[in-house]
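This report concerns only the one structure given below.
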There are 2 protein chains.
Amino acid sequence: MGRRSVHTADELRELILGASTELIEANGLAGLSAREIARRIGYSPGTLYNIFENLDDLVLTIEGRLLDRLDQALGDVPPASSPTQTVHRLAQAYLRFTHENPKLWNLLFEHHLPPGREVPAWYQTKLEGLLSRVENALAPVLTRSDDKRRAARVLWAGVHGITSLATTDKLSIVSTESAPALVDDLVSAYLKGLGEKQDQLAT
Amino acid sequence: MGRRSVHTADELRELILGASTELIEANGLAGLSAREIARRIGYSPGTLYNIFENLDDLVLTIEGRLLDRLDQALGDVPPASSPTQTVHRLAQAYLRFTHENPKLWNLLFEHHLPPGREVPAWYQTKLEGLLSRVENALAPVLTRSDDKRRAARVLWAGVHGITSLATTDKLSIVSTESAPALVDDLVSAYLKGLGEKQDQLAT
DNA sequence: CCGAAAATGGGACGCCGTTCAGTACATACT
DNA sequence: AGTATGTACTGAACGGCGTCCCATTTTCGG
(Lines give C-alpha, C1' and ligand atoms only; values in the text may rest on other atoms or scores of the structure.)
Protein backbone atom coordinates (compact mmCIF):
# COMPACT_ATOMS: atom_id res chain seq x y z
CA MET A 1 0.00 0.00 0.00
CA GLY A 2 1.11 3.49 -0.63
CA ARG A 3 0.35 7.00 0.37
CA ARG A 4 -3.15 7.36 1.69
CA SER A 5 -3.10 11.03 2.39
CA VAL A 6 -6.28 10.73 4.35
CA HIS A 7 -4.31 12.28 7.17
CA THR A 8 -1.51 14.78 7.04
CA ALA A 9 1.67 14.02 8.92
CA ASP A 10 0.57 16.36 11.70
CA GLU A 11 -2.84 14.79 11.98
CA LEU A 12 -1.27 11.39 12.10
CA ARG A 13 1.07 12.59 14.81
CA GLU A 14 -1.87 13.75 16.90
CA LEU A 15 -3.74 10.52 16.27
CA ILE A 16 -0.80 8.54 17.54
CA LEU A 17 -0.29 10.74 20.58
CA GLY A 18 -3.99 10.63 21.39
CA ALA A 19 -4.22 6.87 21.19
CA SER A 20 -1.03 6.50 23.20
CA THR A 21 -2.31 8.80 25.91
CA GLU A 22 -5.52 6.82 26.17
CA LEU A 23 -3.61 3.58 26.49
CA ILE A 24 -1.41 4.98 29.21
CA GLU A 25 -4.35 6.48 31.07
CA ALA A 26 -5.99 3.08 31.00
CA ASN A 27 -3.10 0.83 31.96
CA GLY A 28 0.05 2.82 32.47
CA LEU A 29 3.19 2.34 30.49
CA ALA A 30 2.56 -1.39 30.44
CA GLY A 31 -0.60 -0.77 28.40
CA LEU A 32 1.34 0.92 25.64
CA SER A 33 2.49 -0.99 22.59
CA ALA A 34 3.30 0.05 19.07
CA ARG A 35 1.06 -2.65 17.70
CA GLU A 36 -1.90 -1.62 19.83
CA ILE A 37 -1.51 2.03 18.91
CA ALA A 38 -1.45 1.07 15.25
CA ARG A 39 -4.55 -1.09 15.63
CA ARG A 40 -6.45 1.77 17.23
CA ILE A 41 -5.66 4.34 14.61
CA GLY A 42 -6.04 1.96 11.70
CA TYR A 43 -2.47 2.01 10.52
CA SER A 44 0.27 -0.55 10.56
CA PRO A 45 3.01 -0.51 13.19
CA GLY A 46 5.64 0.52 10.69
CA THR A 47 3.89 3.83 10.12
CA LEU A 48 4.66 4.97 13.65
CA TYR A 49 8.32 4.88 12.75
CA ASN A 50 7.88 7.43 10.00
CA ILE A 51 6.86 9.95 12.62
CA PHE A 52 8.65 8.92 15.79
CA GLU A 53 12.09 7.51 16.06
CA ASN A 54 10.86 4.79 18.38
CA LEU A 55 8.54 4.31 21.34
CA ASP A 56 10.87 6.15 23.70
CA ASP A 57 10.71 9.18 21.48
CA LEU A 58 6.93 8.98 21.47
CA VAL A 59 6.76 8.63 25.24
CA LEU A 60 9.12 11.56 25.77
CA THR A 61 6.83 13.67 23.60
CA ILE A 62 3.87 12.76 25.77
CA GLU A 63 5.89 13.55 28.87
CA GLY A 64 6.80 16.94 27.46
CA ARG A 65 3.18 17.82 26.89
CA LEU A 66 2.35 16.68 30.37
CA LEU A 67 5.02 18.92 31.85
CA ASP A 68 3.59 21.78 29.81
CA ARG A 69 0.16 21.13 31.22
CA LEU A 70 1.51 21.12 34.76
CA ASP A 71 3.38 24.33 34.08
CA GLN A 72 0.15 25.88 32.93
CA ALA A 73 -1.72 24.61 35.98
CA LEU A 74 0.93 26.15 38.25
CA GLY A 75 0.83 29.34 36.22
CA ASP A 76 -2.90 29.58 36.83
CA VAL A 77 -2.36 29.68 40.59
CA PRO A 78 -3.05 33.23 41.80
CA PRO A 79 -0.44 34.64 44.17
CA ALA A 80 -1.70 34.74 47.73
CA SER A 81 -1.32 37.30 50.50
CA SER A 82 1.92 35.80 51.77
CA PRO A 83 4.73 33.83 50.15
CA THR A 84 3.96 30.96 52.47
CA GLN A 85 0.38 30.87 51.29
CA THR A 86 1.48 31.01 47.68
CA VAL A 87 3.72 27.99 48.19
CA HIS A 88 0.82 26.19 49.81
CA ARG A 89 -1.30 26.93 46.78
CA LEU A 90 1.38 25.76 44.39
CA ALA A 91 1.82 22.55 46.33
CA GLN A 92 -1.89 21.84 46.36
CA ALA A 93 -2.15 22.61 42.66
CA TYR A 94 0.64 20.13 41.99
CA LEU A 95 -1.12 17.58 44.13
CA ARG A 96 -4.42 18.17 42.37
CA PHE A 97 -2.78 17.78 38.99
CA THR A 98 -1.17 14.49 39.85
CA HIS A 99 -4.40 13.29 41.40
CA GLU A 100 -6.32 14.10 38.24
CA ASN A 101 -3.77 12.43 35.98
CA PRO A 102 -2.37 9.60 38.05
CA LYS A 103 -1.34 7.14 35.35
CA LEU A 104 -0.03 9.81 33.07
CA TRP A 105 1.91 11.36 35.92
CA ASN A 106 3.42 8.06 36.89
CA LEU A 107 4.68 7.80 33.36
CA LEU A 108 7.37 10.31 34.25
CA PHE A 109 8.81 7.85 36.73
CA GLU A 110 7.89 4.54 35.16
CA HIS A 111 9.61 5.36 31.94
CA HIS A 112 13.37 5.04 31.70
CA LEU A 113 15.58 5.63 28.74
CA PRO A 114 17.78 2.77 27.61
CA PRO A 115 21.22 2.85 29.23
CA GLY A 116 23.44 5.51 27.76
CA ARG A 117 20.70 7.62 26.25
CA GLU A 118 20.33 11.06 27.77
CA VAL A 119 17.17 13.02 28.31
CA PRO A 120 16.71 15.80 25.72
CA ALA A 121 17.73 19.33 26.66
CA TRP A 122 14.19 20.71 26.41
CA TYR A 123 13.14 18.21 29.03
CA GLN A 124 15.56 19.58 31.58
CA THR A 125 14.52 23.09 30.62
CA LYS A 126 10.87 22.37 31.30
CA LEU A 127 11.71 20.96 34.70
CA GLU A 128 13.75 23.98 35.62
CA GLY A 129 10.84 26.18 34.57
CA LEU A 130 8.60 24.34 37.00
CA LEU A 131 11.11 24.64 39.81
CA SER A 132 11.56 28.32 39.17
CA ARG A 133 7.89 28.86 39.92
CA VAL A 134 8.55 27.67 43.44
CA GLU A 135 11.74 29.69 43.67
CA ASN A 136 9.87 32.83 42.65
CA ALA A 137 7.23 32.24 45.26
CA LEU A 138 9.98 31.93 47.84
CA ALA A 139 11.81 35.03 46.66
CA PRO A 140 10.27 37.48 49.17
CA VAL A 141 11.22 35.28 52.07
CA LEU A 142 14.58 33.89 51.01
CA THR A 143 16.98 36.36 49.58
CA ARG A 144 20.10 34.27 49.22
CA SER A 145 19.76 32.47 45.93
CA ASP A 146 21.42 29.34 47.28
CA ASP A 147 18.81 29.12 50.00
CA LYS A 148 16.07 29.64 47.47
CA ARG A 149 17.41 26.89 45.26
CA ARG A 150 17.71 24.48 48.10
CA ALA A 151 14.34 25.24 49.64
CA ALA A 152 12.59 24.94 46.29
CA ARG A 153 14.22 21.58 45.68
CA VAL A 154 13.43 20.27 49.11
CA LEU A 155 9.81 21.32 48.80
CA TRP A 156 9.50 19.94 45.31
CA ALA A 157 11.07 16.64 46.28
CA GLY A 158 8.98 16.46 49.42
CA VAL A 159 5.71 16.99 47.64
CA HIS A 160 6.84 14.62 44.94
CA GLY A 161 7.59 12.01 47.58
CA ILE A 162 4.15 12.30 49.10
CA THR A 163 2.29 12.15 45.80
CA SER A 164 4.52 9.39 44.56
CA LEU A 165 3.79 7.21 47.57
CA ALA A 166 0.10 8.08 47.39
CA THR A 167 -0.40 7.27 43.72
CA THR A 168 1.61 4.06 43.78
CA ASP A 169 -0.31 0.88 44.39
CA LYS A 170 2.76 -0.79 45.81
CA LEU A 171 2.82 0.70 49.05
CA SER A 172 0.52 3.10 50.20
CA ILE A 173 2.45 4.19 53.22
CA VAL A 174 0.43 7.23 52.34
CA SER A 175 -3.21 7.06 51.36
CA THR A 176 -4.67 9.20 48.64
CA GLU A 177 -6.99 10.92 51.10
CA SER A 178 -4.30 11.84 53.57
CA ALA A 179 -1.97 13.29 50.95
CA PRO A 180 -3.31 16.86 50.99
CA ALA A 181 -2.97 17.05 54.78
CA LEU A 182 0.56 15.72 54.60
CA VAL A 183 1.49 18.23 51.94
CA ASP A 184 0.09 21.07 54.03
CA ASP A 185 1.92 19.82 57.05
CA LEU A 186 5.19 19.53 55.16
CA VAL A 187 4.97 22.98 53.65
CA SER A 188 3.92 24.80 56.79
CA ALA A 189 6.35 23.08 59.14
CA TYR A 190 9.27 23.28 56.73
CA LEU A 191 8.75 26.95 55.96
CA LYS A 192 8.24 27.71 59.63
CA GLY A 193 11.47 25.92 60.41
CA LEU A 194 13.29 27.84 57.71
CA GLY A 195 11.99 31.09 59.09
CA GLU A 196 13.26 30.30 62.52
CA LYS A 197 16.63 29.38 61.11
CA GLN A 198 16.75 32.74 59.36
CA ASP A 199 15.92 34.54 62.57
CA GLN A 200 18.81 32.78 64.21
CA LEU A 201 21.14 33.80 61.46
CA ALA A 202 19.88 37.35 61.64
CA THR A 203 20.66 37.75 65.33
CA MET B 1 15.81 -34.64 31.01
CA GLY B 2 14.90 -35.69 34.46
CA ARG B 3 15.80 -34.94 37.99
CA ARG B 4 19.35 -33.73 38.28
CA SER B 5 19.45 -33.30 42.00
CA VAL B 6 22.70 -31.44 41.73
CA HIS B 7 20.96 -28.68 43.64
CA THR B 8 18.30 -28.87 46.29
CA ALA B 9 15.17 -26.77 45.86
CA ASP B 10 16.54 -24.24 48.33
CA GLU B 11 19.87 -24.00 46.57
CA LEU B 12 18.11 -23.54 43.29
CA ARG B 13 15.98 -20.84 44.83
CA GLU B 14 19.09 -18.99 45.95
CA LEU B 15 20.75 -19.45 42.58
CA ILE B 16 17.75 -17.89 40.90
CA LEU B 17 17.52 -15.00 43.35
CA GLY B 18 21.24 -14.37 43.07
CA ALA B 19 21.26 -14.29 39.29
CA SER B 20 18.16 -12.09 39.28
CA THR B 21 19.72 -9.65 41.70
CA GLU B 22 22.82 -9.39 39.55
CA LEU B 23 20.74 -8.72 36.48
CA ILE B 24 18.77 -6.00 38.22
CA GLU B 25 21.89 -4.41 39.67
CA ALA B 26 23.34 -4.29 36.18
CA ASN B 27 20.37 -3.02 34.20
CA GLY B 28 17.38 -2.51 36.42
CA LEU B 29 14.11 -4.30 35.99
CA ALA B 30 14.51 -4.09 32.23
CA GLY B 31 17.57 -6.32 32.48
CA LEU B 32 15.61 -9.11 34.07
CA SER B 33 14.19 -11.94 31.99
CA ALA B 34 13.26 -15.50 32.82
CA ARG B 35 15.28 -16.76 29.89
CA GLU B 36 18.38 -14.85 30.90
CA ILE B 37 18.16 -16.04 34.49
CA ALA B 38 17.86 -19.61 33.24
CA ARG B 39 20.85 -19.19 30.94
CA ARG B 40 22.98 -17.92 33.79
CA ILE B 41 22.20 -20.69 36.20
CA GLY B 42 22.30 -23.41 33.57
CA TYR B 43 18.69 -24.46 33.76
CA SER B 44 15.80 -24.07 31.37
CA PRO B 45 13.23 -21.31 31.77
CA GLY B 46 10.52 -23.73 32.80
CA THR B 47 12.44 -24.65 35.94
CA LEU B 48 11.90 -21.20 37.39
CA TYR B 49 8.21 -21.90 37.44
CA ASN B 50 8.65 -24.89 39.71
CA ILE B 51 9.93 -22.53 42.37
CA PHE B 52 8.25 -19.20 41.72
CA GLU B 53 4.73 -18.64 40.56
CA ASN B 54 5.94 -16.16 37.97
CA LEU B 55 8.39 -13.29 37.59
CA ASP B 56 6.30 -10.96 39.73
CA ASP B 57 6.51 -13.43 42.57
CA LEU B 58 10.26 -13.62 42.12
CA VAL B 59 10.63 -9.86 42.06
CA LEU B 60 8.48 -9.44 45.16
CA THR B 61 10.76 -11.89 46.95
CA ILE B 62 13.78 -9.80 46.04
CA GLU B 63 11.99 -6.68 47.19
CA GLY B 64 11.19 -8.33 50.50
CA ARG B 65 14.81 -9.15 51.11
CA LEU B 66 15.77 -5.63 50.19
CA LEU B 67 13.32 -4.20 52.71
CA ASP B 68 14.79 -6.55 55.30
CA ARG B 69 18.25 -5.27 54.55
CA LEU B 70 17.12 -1.68 54.92
CA ASP B 71 15.40 -2.53 58.16
CA GLN B 72 18.64 -3.97 59.43
CA ALA B 73 20.60 -0.92 58.31
CA LEU B 74 18.18 1.34 60.16
CA GLY B 75 18.33 -0.96 63.17
CA ASP B 76 22.10 -0.56 63.24
CA VAL B 77 21.79 3.19 63.67
CA PRO B 78 22.74 4.07 67.25
CA PRO B 79 20.35 6.44 69.02
CA ALA B 80 21.83 9.91 69.35
CA SER B 81 21.73 12.44 72.13
CA SER B 82 18.49 14.02 70.94
CA PRO B 83 15.49 12.70 69.03
CA THR B 84 16.22 15.22 66.30
CA GLN B 85 19.72 13.88 65.90
CA THR B 86 18.43 10.33 65.81
CA VAL B 87 16.05 11.20 62.98
CA HIS B 88 18.93 12.81 61.15
CA ARG B 89 20.92 9.63 61.48
CA LEU B 90 18.04 7.49 60.30
CA ALA B 91 17.54 9.72 57.30
CA GLN B 92 21.20 9.62 56.39
CA ALA B 93 21.28 5.86 56.83
CA TYR B 94 18.33 5.54 54.46
CA LEU B 95 20.06 7.80 52.00
CA ARG B 96 23.28 5.82 52.23
CA PHE B 97 21.44 2.58 51.69
CA THR B 98 19.69 3.79 48.57
CA HIS B 99 22.91 5.27 47.31
CA GLU B 100 24.71 1.96 47.74
CA ASN B 101 21.93 -0.02 46.04
CA PRO B 102 20.50 2.35 43.48
CA LYS B 103 19.19 -0.07 40.88
CA LEU B 104 17.90 -2.50 43.43
CA TRP B 105 16.22 0.30 45.32
CA ASN B 106 14.58 1.63 42.20
CA LEU B 107 13.11 -1.80 41.74
CA LEU B 108 10.61 -0.99 44.47
CA PHE B 109 9.19 1.76 42.32
CA GLU B 110 9.81 0.41 38.84
CA HIS B 111 7.97 -2.77 39.51
CA HIS B 112 4.18 -2.78 39.42
CA LEU B 113 1.85 -5.66 39.91
CA PRO B 114 -0.59 -6.42 37.11
CA PRO B 115 -3.90 -4.61 37.56
CA GLY B 116 -6.05 -6.17 40.22
CA ARG B 117 -3.29 -8.02 42.01
CA GLU B 118 -2.63 -6.82 45.53
CA VAL B 119 0.66 -6.62 47.32
CA PRO B 120 1.14 -9.46 49.84
CA ALA B 121 0.38 -8.76 53.49
CA TRP B 122 3.98 -9.30 54.60
CA TYR B 123 5.03 -6.53 52.27
CA GLN B 124 2.84 -3.99 53.98
CA THR B 125 4.03 -5.30 57.34
CA LYS B 126 7.66 -4.75 56.45
CA LEU B 127 6.93 -1.19 55.37
CA GLU B 128 5.12 -0.44 58.58
CA GLY B 129 8.08 -1.81 60.50
CA LEU B 130 10.35 0.63 58.74
CA LEU B 131 8.05 3.54 59.41
CA SER B 132 7.75 2.62 63.05
CA ARG B 133 11.48 3.13 63.42
CA VAL B 134 10.96 6.76 62.56
CA GLU B 135 7.91 6.98 64.78
CA ASN B 136 9.88 5.61 67.69
CA ALA B 137 12.63 8.12 67.18
CA LEU B 138 10.01 10.86 67.24
CA ALA B 139 8.29 9.52 70.34
CA PRO B 140 10.10 11.71 72.89
CA VAL B 141 9.21 14.85 71.00
CA LEU B 142 5.72 14.08 69.73
CA THR B 143 3.39 12.57 72.24
CA ARG B 144 0.13 12.56 70.29
CA SER B 145 0.19 9.41 68.21
CA ASP B 146 -1.56 11.13 65.29
CA ASP B 147 1.18 13.71 65.16
CA LYS B 148 3.79 11.00 65.28
CA ARG B 149 2.18 9.09 62.46
CA ARG B 150 1.90 12.15 60.31
CA ALA B 151 5.39 13.44 60.99
CA ALA B 152 6.93 10.05 60.31
CA ARG B 153 5.09 9.80 57.02
CA VAL B 154 6.00 13.29 55.94
CA LEU B 155 9.65 12.70 56.74
CA TRP B 156 9.68 9.32 55.06
CA ALA B 157 8.00 10.65 51.96
CA GLY B 158 10.25 13.68 51.92
CA VAL B 159 13.44 11.68 52.11
CA HIS B 160 12.03 9.26 49.58
CA GLY B 161 11.29 12.16 47.25
CA ILE B 162 14.83 13.45 47.46
CA THR B 163 16.48 10.08 46.94
CA SER B 164 14.05 9.20 44.21
CA LEU B 165 14.83 12.35 42.25
CA ALA B 166 18.53 11.88 42.89
CA THR B 167 18.78 8.27 41.76
CA THR B 168 16.60 8.69 38.67
CA ASP B 169 18.38 9.43 35.44
CA LYS B 170 15.32 11.18 34.07
CA LEU B 171 15.52 14.26 35.87
CA SER B 172 18.01 15.10 38.18
CA ILE B 173 16.30 18.11 39.64
CA VAL B 174 18.44 16.89 42.48
CA SER B 175 22.01 15.74 42.00
CA THR B 176 23.42 12.79 43.85
CA GLU B 177 25.97 14.96 45.60
CA SER B 178 23.49 17.48 46.88
CA ALA B 179 21.08 14.88 48.24
CA PRO B 180 22.63 14.56 51.72
CA ALA B 181 22.51 18.33 52.25
CA LEU B 182 18.90 18.45 51.10
CA VAL B 183 17.95 15.64 53.44
CA ASP B 184 19.62 17.40 56.35
CA ASP B 185 17.90 20.62 55.47
CA LEU B 186 14.53 18.94 55.22
CA VAL B 187 14.84 17.12 58.50
CA SER B 188 16.16 20.03 60.50
CA ALA B 189 13.78 22.66 59.14
CA TYR B 190 10.75 20.39 59.29
CA LEU B 191 11.42 19.30 62.86
CA LYS B 192 12.18 22.84 63.90
CA GLY B 193 8.91 23.96 62.37
CA LEU B 194 7.05 21.19 64.15
CA GLY B 195 8.62 22.19 67.44
CA GLU B 196 7.50 25.76 67.02
CA LYS B 197 4.00 24.60 66.22
CA GLN B 198 3.98 22.60 69.43
CA ASP B 199 5.14 25.58 71.43
CA GLN B 200 2.28 27.56 70.01
CA LEU B 201 -0.20 24.89 70.93
CA ALA B 202 1.25 24.72 74.44
CA THR B 203 0.73 28.39 75.15
C1' DC C 1 0.34 11.35 -19.15
C1' DC C 2 4.47 9.71 -17.18
C1' DG C 3 8.18 9.33 -14.11
C1' DA C 4 9.92 10.11 -9.47
C1' DA C 5 9.31 10.46 -4.76
C1' DA C 6 6.91 9.43 -0.73
C1' DA C 7 3.94 6.88 2.40
C1' DT C 8 2.31 2.71 3.77
C1' DG C 9 1.52 -2.39 4.62
C1' DG C 10 3.01 -6.52 5.96
C1' DG C 11 6.21 -9.83 6.86
C1' DA C 12 10.54 -10.99 9.13
C1' DC C 13 13.79 -11.24 13.05
C1' DG C 14 14.83 -12.03 17.55
C1' DC C 15 13.24 -11.21 21.79
C1' DC C 16 9.78 -11.98 25.75
C1' DG C 17 6.61 -14.75 29.76
C1' DT C 18 4.32 -18.71 30.45
C1' DT C 19 2.53 -23.46 29.81
C1' DC C 20 2.79 -28.28 29.32
C1' DA C 21 3.60 -32.94 27.48
C1' DG C 22 7.10 -35.94 27.67
C1' DT C 23 11.35 -37.81 29.45
C1' DA C 24 15.06 -39.21 32.28
C1' DC C 25 16.42 -39.75 36.65
C1' DA C 26 16.29 -40.92 41.91
C1' DT C 27 14.03 -43.18 45.14
C1' DA C 28 10.97 -46.89 47.41
C1' DC C 29 9.62 -51.28 47.31
C1' DT C 30 9.73 -56.11 46.41
C1' DA D 1 18.89 -56.66 42.02
C1' DG D 2 15.14 -55.28 39.49
C1' DT D 3 11.05 -52.86 38.89
C1' DA D 4 7.64 -49.39 39.66
C1' DT D 5 6.50 -44.71 41.04
C1' DG D 6 6.79 -40.16 41.26
C1' DT D 7 9.14 -36.00 40.35
C1' DA D 8 12.58 -32.51 38.46
C1' DC D 9 13.50 -31.06 34.35
C1' DT D 10 13.67 -29.84 29.26
C1' DG D 11 12.32 -27.93 25.17
C1' DA D 12 8.97 -26.76 22.10
C1' DA D 13 4.96 -24.12 21.46
C1' DC D 14 1.82 -20.03 21.77
C1' DG D 15 0.93 -15.46 21.41
C1' DG D 16 2.81 -11.30 22.31
C1' DC D 17 6.39 -7.55 21.69
C1' DG D 18 9.71 -3.50 19.19
C1' DT D 19 11.85 -2.58 15.18
C1' DC D 20 13.39 -2.89 10.42
C1' DC D 21 12.88 -3.07 5.61
C1' DC D 22 11.28 -4.07 1.02
C1' DA D 23 7.70 -4.17 -2.25
C1' DT D 24 3.80 -1.78 -3.56
C1' DT D 25 0.74 1.80 -4.31
C1' DT D 26 -0.47 6.42 -4.50
C1' DT D 27 0.34 11.21 -5.22
C1' DC D 28 2.56 14.98 -7.27
C1' DG D 29 5.81 17.66 -10.47
C1' DG D 30 6.73 18.19 -14.93
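Below, read A as the first sequence line, B as the second, and so on, with proteins coming before strands; counting in each chain starts at 1.
- Aromatic ring orientation, A/Y94 versus A/W156: perpendicular (interplanar angle above 60°, classes split at 30° and 60°).
- Under 4.0 Å is where a charged nitrogen must lie from a carboxylate oxygen, and between B/D10 and B/R13 no such pair does.
- Regarding B/I51, its CD1 atom lies at a distance of 10 Å from the C1' atom of D/dA8, rounded to whole Å.
- Between A/H111 atom NE2 and D/dG18 atom P there is a gap of 12 Å when expressed in whole angstrom units.
- Between the side chain of A/D71 and the backbone N or O of A/L67, no donor-acceptor pair lies under 3.5 Å.
- A/F52 has its CZ atom 15 Å from the P atom of D/dC20, to the nearest Å.
- One atom, CG of B/N50, and another, C1' of D/dG11, lie 14 Å apart when rounded to the nearest Å.
- Here the C1' atom of nucleotide C/dA7 and the CZ atom of A/R13 are 17 Å apart, to the nearest Å.
- When side chains are defined from C-beta on, A/L155 counts as touching A/L191, because their heavy atoms get closer than 4.5 Å.
- Look at A/E135 and A/R153 and you find a salt bridge, because one of the NZ, NE, NH1 or NH2 atoms lies within 4.0 Å of a carboxylate O, short of that distance.
- Residue A/L12 is in sugar-phosphate contact alone, with no base atom involved, counting any heavy-atom pair closer than 4.0 Å across all strands shown.
- Atom C1' of nucleotide D/dC9 and atom CD of B/E11 are separated by 16 Å, given to the nearest angstrom.
- For B/K170, the salt bridge (charged side-chain N to carboxylate O under 4.0 Å, His left out) partners at least two apart in sequence or on another chain are A/E63.
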Is there any protein nitrogen or oxygen under 3.5 Å from a nitrogen or oxygen in nucleotides 15-19 of chain C, and what are the pairs?
unit_1, atom_1, unit_2, atom_2, d
C/dC16, OP1, B/S33, OG, 3.1
C/dC16, OP2, B/R39, NH2, 3.4
C/dG17, OP1, B/A34, N, 3.0
C/dG17, OP2, B/A34, N, 2.9
C/dG17, OP2, B/R35, N, 3.4
C/dG17, N7, B/R35, NH1, 2.3
C/dG17, O6, B/R35, NH1, 3.0
C/dG17, O6, B/R35, NH2, 3.2
C/dT18, OP2, B/Y49, OH, 2.5
C/dT18, OP2, B/L55, N, 3.0
C/dT18, O5', B/Y49, OH, 3.2

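- In this structure, A/L58 atom CG and D/dT19 atom P are separated by 10 Å, rounded to whole Å.
- Between the NE2 atom of A/H7 and the C1' atom of C/dA6 there is a distance of 18 Å, rounded to whole Å.
- Across all strands shown, B/T47 has heavy atoms under 4.0 Å from base atoms, whether or not it also approaches the sugar-phosphate.
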